[in-house]
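Below you'll find the structure, written out as structure tokens, and then a few comments.
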Amino acid sequence: MKFKGTSIISLRDFDRESIMHILDSTRKIDEDRTAYADRLAGKVLATLFYEASTRTRLSFESAMLRLGGKVMGFADPKGTSAQKGESLADSIRIVESYSDVIVLRHSIEGAARMAAEISKAPIINGGDGANQHPSQTFLDLYTILKAHKRLERLKVGFMGDLKYGRTVHSLAYALSMFKTRMFFISPPLLPMPADHLEELGEMGVEFSEHRNLDEVKRDLDILYVTRIQRERFGDDLDYERVKEGYFISEKSLEGCKPNMKILHPLPRVDELSTDVDSSKHALYFEQAASGIPVRMALLCLVMGAMK
Ligand code: NCD
């Protein structure tokens with residue numbers, strides 16, 4: 001796969017080889033970050049965030065600054081022309097002439113794909129609604145690879161809001177290329193969507209659905225926990241019904257394999273107790289820290305500053 005000038009929109013655009021190339025590029029940067037300190041000197045990154053973010057936006061900005069590039073953008077569309085009624089398409093046509101690469105987060109599924117069709121500057125999807133969050137997936141994969149020294153044939157549990165969690169949708173698709181056994185643990189109202197399950201089935205993935213962690217915890221190498229995506233609920237009452245009952249504490253992890261690792265894209269809300277933070281299973285803060293080398297690699301690759 002040629003990366004230079006290519007937008008990063010969905011895991012469906014990647015094969016195993018191109019995923020491994022990104023992870024290998026990340027490792028090279030991670031081993032010697034200072035060697036890349038001026039790789040993107042003179043280049044400008046625009047971060048257009050129409051939805052809330054802490055990690056994705058700040059780690060892309062930090063990654064660009066660490067590569068010697070410059071950053072501009074907004075963290076909230078209030079105060080931009082979106083408020084006056086400007087379309088996303090028009091905003092992209094403007095920003096592409098102000099910058100060399102654009103990270104876009106938007107609530108509409110397909111927004112990043114549409115932007116990429118318009119823009120001459122590569123677009124990196126920072127999350128489009130409940131659809132995809134590819135840069136998160138690369139940092140999830142990088143974290144798993146570092147912890148288990150392999151991606152193949154792991155047993156991975158996904159727990160929480162599997163219906164609206166875009167990080168789950170992206171990661172499950174990626175892991176389907178690595179012979180992963182998947183366990184989907186969710187409240188009845190928030191299962192993995194049927195079309196995703198069908199797609200995984202077609203790719204030969206072995207999976208099962210569960211109502212609680214106890215049914216599967218002895219098997220897992222990775223437990224990927226997500227918060228209930230409250231902002232995607234049309235009806236707040238539904239949120240109240242599902243938010244209880246999916247809670248991980250140190251106690252609920254008794255019986256897990258000693259080297260089972262917990263990942264969480266963060267932010268956590270009610271679903272993951274702080275008493276897990278000091279356990280041998282917790283890997284989510286290291287996971288978030290991997291956002292820097294992973295996003296440095298993505299920026300270098302799409303800008304042609306790394307082969
Ligand atoms: C995730 C997202 O935005 O999808 N956050 C992130 O980028 N780390 C997960 C979430 O918001 O729950």
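In listed order, ligands and their atoms are each counted from 1. For the numbers below, each heavy atom of this structure counts, side chains included, while hydrogens, waters and symmetry mates do not.
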Taking the six-membered ring for Trp, are Phe14 and Tyr173 closer than 6.0 Å centroid to centroid?
no

Determine the interplanar angle of the Phe158 and Phe184 rings, folded into 0 to 90°, and report it as parallel if under 30°, tilted if 30 to 60°, perpendicular if over 60°.
parallel

Report the nearest protein non-hydrogen atom to atom 8 (N) of ligand 1: residue, atom name, distance rounded to 0.1 Å.
Pro265 O, 2.9 Å

For atom 11 (O) of ligand 1, grab the closest protein heavy atom and report residue, atom and distance to one decimal in Å.
Arg227 NH2, 2.9 Å

Nearest non-hydrogen protein atom, atom 3 (O) of ligand 1
Arg166 NH2, 2.9 Å

Please check if the distance between the ring centroids of Phe3 and His21 is under 6.0 Å.
yes

Using salt bridge (charged side-chain N to carboxylate O under 4.0 Å, His left out) as the criterion, list what pairs up with Glu152, not counting sequence neighbours.
Arg16

One should read off an interatomic distance between Ile228 CD1 and Leu190 CG, to the nearest 0.5 angstrom, of 5.0 Å

Numbered atoms and elements of ligand 1 in range of Gln136, under 4.0 angstrom, heavy atoms
6 (C), 7 (O), 8 (N)

Which of these passes side-chain contact (heavy atoms from CB on, under 4.5 Å) with Arg66: Ile292, Leu299, Thr34, Leu40?
Ile292

Do any heavy atoms of Glu51 fall under 4.0 Å from ligand 1?
no

Taking only heavy atoms of Thr56 into account, list the atoms of ligand 1 that are under 4.0 Å away from them.
6 (C), 7 (O)

Would Thr226 count as a contact of ligand 1 if the rule is a heavy atom under 4.0 Å away?
no

Where is the nearest protein heavy atom to atom 5 (N) of ligand 1: which residue, which atom, and how far?
Leu266 O, 3.1 Å

For Gln229, take its heavy atoms, then give the atoms of ligand 1 lying under 4.0 Å from any of them.
10 (C), 12 (O)

Does an N or O anywhere in Thr167 fall below 3.5 Å from an N or O of ligand 1?
no

Parallel, tilted or perpendicular: rings of His210 and Phe183 (30°, 60°):
tilted

Taking atom types as modelled, find out whether Glu61 and Thr47 have a side-chain donor-acceptor pair closer than 3.5 angstrom.
yes

So, 4.0 Å and heavy atoms of Pro267: is ligand 1 close enough to count as a contact?
yes

His133 heavy atoms, cut-off 4.0 Å: which ligand 1 atoms fall inside?
2 (C), 4 (O), 6 (C), 7 (O)

